[in-house]
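Report on the following structure.
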Number of protein chains: 2
Amino acid sequence: MEISIGELSRRTGVKVPTIRYYESIALMPLPLRSDGQQRRYGGAEVSRLIFIRHARELGFEVDAIRELLAMSARPEQPCAEADRIARRHMTEVDRRISQLVALRAELQRMVDECGHGRVGDCRVIETLADHDQCQHAHH
Amino acid sequence: MEISIGELSRRTGVKVPTIRYYESIALMPLPLRSDGQQRRYGGAEVSRLIFIRHARELGFEVDAIRELLAMSARPEQPCAEADRIARRHMTEVDRRISQLVALRAELQRMVDECGHGRVGDCRVIETLADHDQCQHAHH
DNA sequence: CTTGCTCCTCTAGTCGCTAGAGGTTGTAAC
DNA sequence: GTTACAACCTCTAGCGACTAGAGGAGCAAG
């Protein structure tokens, strides 16, 4: 099986320039080339790129994906490391969720309190301007 | 009241280079200068920067903050616009929350099913590699 | 008047792409 | 066999929202 970069893109849902970008940062390996220097891929690349896309959708950073890919290449190793990466990531996700839930509540309040008055009375502005009235999540 | 950029930074929790960056993109106005060309700020700048920081923490983009600041400068206008911005943002926040909650569940599952064996049996790796088993949020 | 922190400007780097210019290859129809 | 045209190539630059560093000047305390 020899497919072009466009076909690889179609099969994985990763855009063509993004694939080339992944190659440039060595997240994807240097592919074979046709006589006319066009990239040619096989099944291994399809799998690898699906793995990458999936991990990116889950919010893993490229460095974390590199680690995960390195691990999957050595299946005899214990997987504690993969577990650690996933756990670290989950902690971060929890933090983001709680921040967003707090934010959501505040936006709701802002919209609720913004009757049909004028900006002078509008809580959207006030809520954001007032430092003391709204103490919430700091990073 | 005449304060330095460092003092402004301390009072607002916004880093010094970030304040200068905000000035460069005209989110903060050009400040007064000391004889030696150092920036000098007053109370208005403190309020404005707290407003900006707060809005950034809430996830508003700089352009949205610019809109909100423009509105607050014209308090005779109706606040329908501010309301519209807040609503638009809330929809986006809802979307992000539900994505993250789904992601959190999947990470939990990955970690749970990783039996601390070898990578070959690790669900973290498998889950990422398997295209069909995990069909979730696409942007 | 010297020490040493804060301030200045400027440039370049970060992350993860995305867009465009300007040229070449592959393929299908004629 | 040629022609048309999509898909490919490399290269550079841009996005948002900062962050880091170099190299120098200002300022307040002792």
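Letters A, B, ... are given to chains in the order of the sequence lines, protein chains preceding strands, and every chain is numbered from 1. Computed from a prediction, not measured in an experiment: that's the story for all the values here.
Separating the CG atom of B/L30 from the P atom of C/dT9 is a distance of 11 Å, rounded to the nearest angstrom. Taking atom CD1 of residue B/I5 and atom C1' of nucleotide C/dC8, one finds them 10 Å apart after rounding to whole Å. If you take CG of B/D35 and P of D/dA28, they are 11 Å apart, rounded to a whole angstrom. Residue B/E2 contributes atom CD, which lies 15 Å from atom C1' of D/dC27 at whole-angstrom precision. If you take CG of B/L27 and P of D/dG16, they are 13 Å apart, rounded to a whole angstrom. Taking atom OH of A/Y22 as the reference point, atom C1' of C/dC15 lies 11 Å away to the nearest angstrom. Per the geometry, CD belonging to A/E23 stands 18 Å off P belonging to C/dG16, to the nearest Å. Taking atom CZ of B/R39 as the reference point, atom P of D/dA25 lies 17 Å away to the nearest angstrom.
Considering only side-chain N and O atoms, B/S4 lies nowhere under 4.0 angstrom from the phosphate OP1 or OP2 of C/dT6. Contact check, A/S34 against D/dC8: no side-chain N or O comes under 4.0 Å of OP1 or OP2. Using a 4.0 Å cut-off, some side-chain N or O of A/T18 falls inside it from OP1 or OP2 of C/dT18.
Formation of a donor-acceptor pair under 3.5 Å by the A/R53 side chain with backbone atoms of A/T12 is found in this model.
Note on B/R33: only backbone sugar-phosphate atoms sit closer than 4.0 angstrom, heavy atoms only; bases stay farther off. Here B/R20 lies in heavy-atom contact (under 4.0 Å) with a base.
Closest approach to the B/V62 side chain among D/dA17, C/dC17, D/dT19 is made by D/dA17 (side chain taken as heavy atoms from C-beta onward).
Both B/R56 and A/G36 lie close to DNA chain D; mapped to their nearest nucleotides by heavy-atom distance, the more 5′-ward contact belongs to A/G36. Each of A/Y21 and B/V16 was assigned the nucleotide of DNA chain C with the nearest heavy atom; the assignment lying further toward the 5' end belongs to B/V16.
A salt bridge does not link B/R109 with B/D112: none of the charged nitrogens is closer than 4.0 Å to a carboxylate oxygen. Ion pairing of B/R56 with B/E61 is absent here, as no side-chain N (NZ or NE/NH1/NH2) approaches a carboxylate O to less than 4.0 Å. Classification of A/E7 and A/R10 as a salt-bridged pair holds, one side-chain N sitting under 4.0 Å from a carboxylate O. Salt bridge annotation for B/E45-B/R48: absent, with no cationic side-chain nitrogen under 4.0 angstrom from a carboxylate oxygen.
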